[in-house]
Amino acid sequence: MSYPYQISSYEEYQIAWKKSIEDPAAFWGEVASSFTWRKKWDNVLSWNFTEPNVKWFEGGKLNITENCLDRHLEKSGSMPAIIWEPNNPDEHHRILTYNQLHFKVNQFSHVLHNNGVRKGDRVCIYMGMIPELAIAVLACARVGAIHSVIFGGFSAQSIADRLQDAKAEFIVTCDGAFRGAKDIPLKNVIDDALIACPFVKRTIVLTRTRTPVSMIKGRDVWWEDEIHKVETLGNPAFPAVEMDAEDPLFILYTSGSTGKPKGVVHTCGGYMVYTNYTFVNVFQYKPEEVHFCTADIGWITGHSYIVYGPLSAGATSLLFEGIPTWPDAGRFWDIVDKFKVNILYTAPTAIRSLMAFGLGPLHGKQLDSLRVLGTVGEPINEEAWHWYDEHVGKRRCPIVDTWWQTETGGVMISNLAGITPAKPSFATLPLPGVDPVLVDENGHVVEGNNVSGNLCLRSPWPSVIRTTYGDHDRCKTNYFSAYPELYFTGDGAMRDENGFYRITGRVDDVLNVSGHRIGTAEVENAINMHAGVVESAVVGYPHDIKGQGIYAYVVYGHMHGDEELTRRDIAYTVSRIIGPIARPDKIQFVMGLPKTRSGKIMRRILRKIAEGETENLGDTSTLLEPQVVQEISNGRLIH
Ligand code: PRX
């Protein structure tokens with residue numbers, strides 16, 4: 001496959017960027033012409049950021065799976081589409097060619113259809129990182145259903161919340177999932193979630209771990225049995241359902257500053273064009289290369305750069321079931337050598353955790369197939385950047401530091417590998433279609449270079465969030481109301497003397513723990529559910545590996561017994577309510593929280609104490625009970 005829109009020089013980048021901002025419709029109309037459409041669009045773009053109401057390729061008809069699968073079959077049917085490396089290195093890997101993946105997606109599309117799934121229905125997918133997860137995702141897209149993938153680390157309660165919000169009547173899951181030395185009983189977690197979701201009509205369960213499961217008559221069916229039924233009919237092809245460019249493709253839940261996760265909605269046409277465009281340009285993908293994105297498909301990175309971006313580009317995408325440190329901390333490097341990986345895309349937290357093992361696990365690894373390295377999910381510190389550059393890329397692989405979000409669908413600010421300059425800890429320049437602006441606390445746009453501010457985006461790119469599922473107002477309030485006519489990212493950034501952007505982190509009440517977004521309000525709600533807790537406040541603190549750790553201040557009613565046990569109980573409660581990723585790292589019991597006279601918790605002070613600051617806590621004169629600050633500071637937990 002060739003990519004007529006692949007940028008090949010800095011100068012070409014500058015021309016493309018300028019054109020995309022001056023005339024987005026002409027620019028993206030040209031890019032979109034390279035895709036397979038059943039019917040061409042009537043209008044490339046109409047938009048306003050006030051409602052917001054954004055439409056790309058309106059009137060266009062397509063099915064994204066025809067772009068990810070069917071269109072590659074003639075020329076590259078025998079090319080590997082997915083290489084799968086299992087958790088256990090002794091188990092055999094699997095390779096699915098485009099022909100095979102197409103076949104399996106067609107089969108499973110029939111399964112979905114036979115089980116009642118129709119266009120527009122919501123299907124929740126809760127599986128480990130196995131090829132069938134990608135197959136389930138693509139089959140939903142083929143039948144026109146809206147998938148909502150839930151990361152395997154979320155608890156039953158979190159799943160129930162998401163199922164209820166999306167009103168999802170169908171579930172695809174596994175008996176269990178392997179992750180490192182652990183075996184996660186996914187179906188059991190689903191069963192717990194379904195107690196609160198009687199509207200779920202069908203659960204399709206794939207066998208992976210052979211963990212005992214309870215299959216409920218009339219509701220639960222085995223994946224394998226359903227496939228068998230399609231086989232007995234001779235495996236007919238499943239004609240892809242025609243979708244409007246603006247029909248929803250998926251919902252993905254993400255945390256914000258309020259207590260409830262939001263269902264970010266992406267649509268078929270714009271998301272396809274933008275993830276493909278950014279995949280091809282940021283990584284400078286060359287046909288036949290092996291692309292290894294280490295994210296989980298339960299997060300946006302996996303959606304965009306394991307599934308849709310690479311497959312729509314006819315690329316080979318490597319999917320890994322396990323974790324970087326099992327059975328040892330050389331696992332990534334073994335995989336790179338085994339499959340001659342060319343592009344490795346991972347998270348700073350993974351790099352830092354591998355750094356902590358020293359250079360031993362890198363001994364004897366060739367890593368000579370690598371051409372491009374990438375990072376995503378959080379700011380990368382310079383030390384980790386240099387380690388990655390020196391010991392993994394051997395100083396010959398450009399590193400792309402890609403800044404983006406669930407809501408943006410694809411990479412927004414990043415260097416283009418080997419084409420535009422890199423700068424350690426800087427995401428650098430905006431992609432074509434992206435017009436970043438910095439805004440000060442008064443809402444004024446900050447012009448010029450060597451400046452900082454809140455990062456906003458001025459005009460729409462094809463994969464901008466369209467709505468938050470079932471609650472458009474929420475989308476408006478969260479992203480389009482802080483500053484008129486701008487999309488607000490929730491991040492702070494600085495722009496250096498060359499116009500390069502450095503993302504400094506969230507400016508709202510959202511934490512970034514090991515590259516996972518977690519709302520402080522969500523964690524507080526979970527802590528407050530624990531019997532005995534009166535109230536709590538959660539803030540982030542710098543953590544060597546995770547980037548940010550979770551520090552909880554808890555006012556506890558009446559402590560009988562051991563404080564340490566109570567801490568563990570509270571942490572366990574959070575695991576049960578949200579999932580282990582949200583477990584607080586530190587819990588400090590306090591007599592009271594610093595509040596203003598109007599009852600607002602002064603998080604600024606709590607953040608400083610958690611960061612280790614005991615002096616210079618700022619103005620405390622407006623506090624209701626200034627003495628609590630001293631008490632909290634005296635009892636600070638040392639990390
Ligand atoms: O704070 C930014 C951080 O991750 C947030 C988005 O999280 P999520 O929607 O889960 O998506 C993560 C994967 C795209 C952003 O608001 N972030 C993401 N990439 C970077 C980053 N911070 C700094 N540098 C990055 N490259």
Side-chain angles (χ1 to χ4, degrees), residues 149-151 153-154 250-257 261-266 271 274-275 278-279 282-283 293-306 308-309 345-352 373-382 384-385 388 399-415 422-431 434 436 454-457 461 463-465 468 478-479 482 487-494 500-520 522 540 546-548 581-582:
V149 185
I150 301 181
F151 174 62
F154 279 114
F250 66 84
I251 306 171
L252 188 57
Y253 284 86
T254 189
S255 296
S257 41
K262 304 177 287 264
V264 172
V265 175
H266 284 291
Y271 177 81
Y274 196 74
T275 51
T278 48
F279 171 72
V282 170
F283 303 105
C293 167
T294 71
D296 192 288
I297 295 179
W299 307 110
I300 191 69
T301 308
H303 281 61
S304 301
Y305 299 109
I306 296 180
Y308 289 113
Y345 188 31
T346 194
T349 185
I351 299 169
R352 288 192 301 265
L373 302 177
T375 76
V376 60
E378 49 175 318
I380 179 160
N381 48 314
E382 290 205 28
W385 194 98
Y388 200 30
I399 299 178
V400 288
D401 178 352
T402 65
W403 172 82
W404 57 294
Q405 311 178 296
T406 306
E407 295 85 346
T408 71
V411 176
M412 295 274 104
I413 303 182
S414 172
N415 48 320
K423 180 172 177 181
S425 82
F426 278 72
T428 73
L429 296 170
L431 267 283
V434 178
N454 287 350
L455 178 62
C456 296
L457 302 164
W461 57 99
S463 61
V464 59
I465 178 176
T468 43
N478 267 288
Y479 307 107
Y487 166 88
F488 175 43
T489 65
D491 280 320
M494 67 90 75
F500 287 9
Y501 288 88
R502 174 189 203 151
I503 314 301
T504 45
R506 302 288 304 196
V507 294
D508 53 7
D509 290 326
V510 173
L511 306 179
N512 192 327
V513 180
S514 301
H516 300 151
R517 245 164 95 168
I518 299 171
T520 53
E522 271 174 73
K546 298 180 178 183
Q548 266 189 318
I581 53 171

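The first residue in the sequence is number 1, and the count goes up from there. Just follow the structure's listing: the first ligand is 1, and inside any ligand the first atom is 1.
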task: Answer side chain, backbone, both or neither: which part of Glu378 comes under 4.0 Å from ligand 1, heavy atoms only.
output: backbone
- request: Would you check, one step at a time, whether the test side-chain hydrogen bond (donor to acceptor under 3.5 Å, both in side chains) holds for Thr402 with Tyr345?
  value: CA-CA 10 Å; Thr402 65; Tyr345 188 31; 2.6 Å; yes
- prompt: At a 4.0 Å threshold, what atoms of ligand 1 neighbour a non-hydrogen atom of Thr301?
  reply: 13 (C), 14 (C)
query: Tell me: protein heavy atom nearest atom 16 (O) of ligand 1, and distance?
result: Asp491 OD2, 2.6 Å
message: What I'd like to find out is whether the side chain of Thr504 reaches to under 4.5 Å of the side chain of Pro379, using heavy atoms alone.
response: no
- request: Measure the spacing between CZ of Phe279 and OG of Ser304 and express it to the nearest 0.5 Å.
  value: 11.5 Å
message: Are the side chains of Ile581 and Val513 in contact, using a 4.5 Å heavy-atom criterion?
response: no
message: Under 4.0 Å from a heavy atom of Val376: which atoms of ligand 1 are those, numbered in the order shown and with their elements?
response: 13 (C), 14 (C)
query: Heavy atom under 4.0 Å from ligand 1: found in Asn512's side chain, backbone, both, or neither?
result: side chain
message: Are Trp461 and Tyr487, when compared by the centres of their aromatic rings, separated by less than 6.0 Å?
response: yes
field: Close-contact set for ligand 1 against Thr402 heavy atoms, below 4.0 Å
entry: 19 (N), 20 (C), 25 (C), 26 (N)
statement: heavy-atom search around atom 19 (N) of ligand 1 in the protein gives Gly377 N, 3.1 Å
message: For atom 26 (N) of ligand 1, tell me which residue out of Ile300, Asp401, Val400 has the closest non-hydrogen atom.
response: Asp401
- request: Look at the side chain of Asn512 and the backbone N and O of Gly377, then say whether any donor-acceptor pair between them is shorter than 3.5 Å.
  value: yes
message: Using side-chain heavy atoms (C-beta onward) and a distance below 4.5 Å, is Arg352 in contact with Asn381?
response: yes
query: For atom 10 (O) of ligand 1, which protein heavy atom lies nearest, and how many Å away is it?
result: Arg517 CD, 3.4 Å
query: So between Leu455, Thr504, Thr406, whose heavy atom ends up nearest atom 9 (O) of ligand 1?
result: Thr406
message: Please confirm whether Gly505 approaches ligand 1 to less than 4.0 Å, judged on its heavy atoms.
response: no
task: Could you tell me whether a side-chain N or O of Glu522 sits under 3.5 Å from a main-chain N or O of Pro261, the two making a donor and an acceptor?
output: no
- request: Answer with yes or no after comparing the ring centroid distance for His303 and Tyr271 against a 6.0 Å cut-off, counting only values under it.
  value: no
query: Is the shortest heavy-atom distance from the side chain of Asn478 to the side chain of Thr468 under 4.5 Å?
result: no
query: Is there at least one pair of N or O atoms, one from Gln405 and one from ligand 1, spaced under 3.5 Å apart?
result: yes
query: Near Ile503, which atoms of ligand 1 are under 4.0 Å from a heavy atom of that residue?
result: 22 (N), 23 (C)
task: Quick one: look up the protein heavy atom nearest atom 6 (C) of ligand 1 and list residue, atom name and how far away it is.
output: Trp404 O, 3.6 Å
Thr489-ligand 1 polar pair, N/O distance under 3.5 Å: no
